[in-house]
Amino acid sequence: MEIRSEEISQIIREQIKDYEKKVDLSETGRVLSVGDGIARVYGVEKCMSMELLEFPTAHGTIYGLALNLEEDNVGVAIMGDDAHIKEGDEVRRTGRIAEVPVGDAVLGRVIDSVGNPLDGKGPINATEFRRIEVIAPGVIARQSVNEPMYTGLKAIDAMTPVGRGQRELIIGDRQIGKTAIAVDAIINQKDSGLICIYVAVGQKKSTVAQVVETLRKHGAMDYTVVVAANASDAAALQFIAPYAGTAMGEYYRDKGGHALIIYDDLSKQATAYRQVSLLLRRPPAREAYPGDIFYNHSRLLERSSKLNKELGGGSLTGLPIIETQAGDVSAYIPTNVISITDGQIYLEPNLFFAGVRPAINVGLSVSRVGGAAQTKAMKQVAGRLRLELAQYRELEAFAKFGSDLDKSTLAQLNRGMRLVELLKQPQYQPMPAEKEVMSLYSGTRGFLDTIPVEKVGQYEQQMLAFMDRKYPEILAEIKEKQAIGDSLDEKMGAALKEFAGVFQA
């Protein structure tokens, strides 16, 4: 075999061509001090606010978020365990503002605040990323809320309706069904085309696992992303989790789609932000919260919006949750968030423990969008509902003192008792809008007045099964026309009269 010198020299030439070292330019600094999840870093002069910084350690790279840009150092919130970072360690700039993966790659996944998977299903193969902090759409970019976003809960859809692009606060004490309402709302979006994002802040891991399992059982994980910053996670991760979830929802909103985001809950996020701020030596204000706590929530919730037609008409609906202490809605954080949102659903412990679930206080709950987020059919049946329930609550208090009540007062009390019973709904059983209309129609038009109060739930169940079996066209017409005309009114009345004859208590 002949050895050709040209071939050998060509191979050698190719191998030494790229031998020169490539210069790796990276701006680095040193850790001045570290502790309680906060590092003070020196030497990264060109660092940007909200930029990710790398802390290379023996246990892998830990990321930090640059929050305080001071004259001689940068205050960094560490997004992980700071036990592996020591004074004098190297810190590298990434040049990247904090961002998260978005798009269909994250659907059905449980991820943390920076987009790392927590569900053991392997890496997230996202092709698109979005910054967690962006400026909310301006006034001109929006349109008013005009489309319902059904939660599947009669009490909410009838009296405090939520529209696509609205921010409706869910507020109440601990353990009285705030998360249950949010989970029901997600389950109810099965065929609506809405993408759901559930942000769990400061919850126990077991609680988050329970919610994920419930969503999976009802087939809701296919269109849901769960962003979890658990109670054991760093305060910085709990602080940015809602922003990360919002970025994922905005991806669909900006493409002309519709998304629903639930922040569970913003009280814990505010506490995490307070912790980070105090450790960064920012001056404290009321209740030791930093002065910009209001801005922290307003810039987050303003991102939920309904865009105008030119921008695709997409929407991001926000359901923030706030936990009150002993029903105190006038505390600092609750009043802040109430003033930012378009209404609130107030849950009352007394109602919850009396067996009224969902425990919605009709008097204190309000939707500032109101009828604009309801179909005509829902408005027609819900018109008197709120008034009758409010009157019932007043009369109920007086009726305890006097026994001889006139006929009209007794009739009002009887109607009210049955309406309260009708609005009760089991957990994880949201109802389609047409069935809600049918159910409320039977209550507000007096068809329940002769039914014993304890049989109302039974009546509703049997009546809806009867309508499904015998008059599916009536339900279909309510769904299609979204209004109750004279002929449909007659048909509904006749069907309910017929059912009254066959109802077995």
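Computed from a prediction, not measured in an experiment: that's the story for all the values here. In what follows, residues are counted from 1 in the order of the sequence shown.
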Practice problem: For V44 and G29, work out which heavy atoms get closest and say how close. | Solution: CG1-N, 3.9 Å
Self-check item: D265 side-chain N/O to S267 backbone N/O, donor-acceptor pair under 3.5 Å
Solution: yes
Practice problem: For atom CD of Q210, decide whether the heavy atoms of other residues, nucleotides or ligands shown that lie under 6.0 angstrom number more than 12. | Solution: no
Quiz item: Which distance, rounded to the nearest 0.5 Å, do you find between the CD of E302 and the CZ of R142?
Solution: 5.0 Å
Quiz prompt | Closest non-hydrogen atom pair between A77 and V276, with its separation | solution = CB-CG1, 4.3 Å
Quiz prompt | Interatomic spacing from CD1 in I293 to CZ in R286 - rounded to 0.5 Å | solution = 12.0 Å
Quiz prompt | E27 side-chain N/O to E45 backbone N/O, donor-acceptor pair under 3.5 Å | solution = yes
Self-check item: Close side-chain approach of L52 and L65, heavy atoms under 4.5 Å
Solution: yes
Quiz item: Taking atom CD1 of I240 and atom CD of Q269, what is their separation to the nearest 0.5 Å?
Solution: 10.5 Å
Quiz prompt | Other residues, nucleotides, ligands: >12 heavy atoms within 6.0 Å of R368 CZ | solution = yes
Exercise. Would you indicate whether the side-chain heavy atoms of Q482 and K376 approach each other to under 4.5 Å?
Key: no
Self-check item: Least distance between heavy atoms, L440 atom then A158 atom
Solution: CD1-CB, 3.6 Å
Exercise. Work out which heavy atom in P334 is nearest to a heavy atom in I322; give both atom names and the distance.
Key: CG-CG2, 3.9 Å
Practice problem: Please confirm whether the backbone N or O of D342 pairs with a side-chain atom of Q166, one donor and one acceptor, at under 3.5 Å? | Solution: yes
Quiz prompt | K204 side-chain N/O to N230 backbone N/O, donor-acceptor pair under 3.5 Å | solution = no
Self-check item: Inter-residue atom distance E323.CD - L347.CG, 0.5 Å rounding
Solution: 11.5 Å
Quiz item: Of the non-hydrogen atoms in I171 and K178, which two are nearest, and what is the gap between them?
Solution: C-CD, 4.1 Å
Exercise. Walk me through it: do R299 and E133 pass the test salt bridge (Lys or Arg N to Asp or Glu O under 4.0 Å)?
Key: CA-CA 9 Å; R299 74 176 190 260; E133 280 267 27; 2.8 Å; yes
Exercise. Nearest 0.5 Å please: distance from the CG atom of L307 over to the NZ atom of K255.
Key: 14.0 Å
Quiz item: Counting distance only, does the side-chain N/O of N308 pair as donor-acceptor with the main-chain N or O of L311 below 3.5 Å?
Solution: yes
Practice problem: Compute whether any side-chain donor of one residue and acceptor of the other, for D184 and T151, lie under 3.5 angstrom apart. | Solution: no
Self-check item: Distance-minimising heavy-atom pair for A373 and P161
Solution: O-CB, 4.0 Å
Practice problem: May I ask you to check whether Q203 and T179 show a side-chain donor-acceptor distance below 3.5 Å? | Solution: no
Quiz item: Could you go step by step and tell me if K46 and R93 meet the side-chain contact (heavy atoms from CB on, under 4.5 Å) rule?
Solution: CA-CA 9 Å; K46 293 196 173 68; R93 275 190 65 195; 3.0 Å; yes
Quiz item: Between the main-chain N or O of V362 and the side-chain N or O of R386, is there a donor-acceptor pair closer than 3.5 Å?
Solution: yes
Quiz prompt | More than 12 heavy atoms from other groups under 6.0 Å of CZ on R131 | solution = no
Exercise. Answer yes or no: is there a side-chain heavy-atom contact under 4.5 Å between T94 and E51?
Key: yes
Quiz prompt | Identified side-chain hydrogen bond (donor to acceptor under 3.5 Å, both in side chains) counterpart of R40 within the set N73, N68, D72 | solution = N73
Quiz prompt | Residues H218, K190; criterion side-chain contact (heavy atoms from CB on, under 4.5 Å); working and verdict | solution = CA-CA 9 Å; H218 290 89; K190 198 164 196 170; 5.8 Å; no
Self-check item: Donor + acceptor pair across side chains of Y252, D104 (<3.5 Å)
Solution: yes
Quiz item: Does the side chain of T324 pick up a donor-acceptor pair with the side chain of Y346 at under 3.5 Å?
Solution: no
Quiz item: Taking C-beta and beyond as the side chain, do S113 and M79 meet within less than 4.5 Å on heavy atoms?
Solution: no
Quiz item: When you measure from the side chain of Q275 to the backbone N and O of T271, does any donor-acceptor pair fall under 3.5 Å?
Solution: no
Exercise. Determine whether the side chains of Y251 and E128 contain a donor N or O and an acceptor N or O closer than 3.5 Å.
Key: yes
Practice problem: Report the C-alpha separation of L266 and L300 in whole Å, then their side-chain angles, then the decisive distance to 0.1 Å, and conclude whether the side-chain contact (heavy atoms from CB on, under 4.5 Å) test is met. | Solution: CA-CA 10 Å; L266 289 186; L300 168 71; 3.9 Å; yes
Practice problem: Please indicate whether L387 has more than 12 foreign heavy atoms, meaning atoms of other residues, nucleotides or ligands, lying under 6.0 Å from its CG. | Solution: yes
Quiz prompt | Residues R130 and D254 bridged, charged N to O under 4.0 Å | solution = yes
Exercise. Compare all side-chain heavy atoms of D222 with those of L107 and state whether any distance is below 4.5 angstrom.
Key: no
Quiz item: For the side chain to side chain contact (heavy atoms under 4.5 Å, CB included) test, which of I85, D89, V76 pairs with V34?
Solution: I85
Practice problem: In sequence, state the C-alpha distance, the side-chain angles, and the governing distance for T375 and Y150, and then conclude on side-chain contact (heavy atoms from CB on, under 4.5 Å). | Solution: CA-CA 10 Å; T375 59; Y150 290 116; 3.1 Å; yes
Quiz item: Got a second to check how far E147's CD is from Q374's CD, nearest 0.5 Å?
Solution: 14.5 Å
Practice problem: Assess whether atom CG of D81 is packed by more than 12 heavy atoms of other residues, nucleotides or ligands within 6.0 Å. | Solution: yes
Exercise. Please work out which of the three classes, parallel, tilted or perpendicular, describes the rings of Y273 and F239, given edges at 30° and 60°.
Key: parallel
Practice problem: Using a 4.5 Å cut-off on heavy atoms from C-beta on, say whether the side chain of I156 contacts that of P358. | Solution: no
Practice problem: Kindly say whether G165 contributes a backbone atom to a donor-acceptor pair with the side chain of T317 at under 3.5 angstrom? | Solution: yes
Practice problem: In sequence, state the C-alpha distance, the side-chain angles, and the governing distance for E250 and R303, and then conclude on salt bridge (Lys or Arg N to Asp or Glu O under 4.0 Å). | Solution: CA-CA 8 Å; E250 282 175 325; R303 289 163 70 180; 2.8 Å; yes
Quiz item: Taking R357 for the side chain and F352 for the main chain, is one N or O donor matched with an acceptor at less than 3.5 Å?
Solution: yes
Quiz item: Looking only at atom types and distance, does a side-chain atom of S439 sit under 3.5 Å from a main-chain N or O of K435, one as donor and one as acceptor?
Solution: no
Quiz item: Do the non-hydrogen side-chain atoms of L67 and L280 ever get within less than 4.5 Å of each other?
Solution: yes
Practice problem: Verify the neighbour count for atom NZ of K479: are there more than 12 heavy atoms of other residues, nucleotides or ligands below 6.0 Å? | Solution: no
Self-check item: I340 side chain near L169 side chain, heavy-atom distance below 4.5 Å
Solution: no
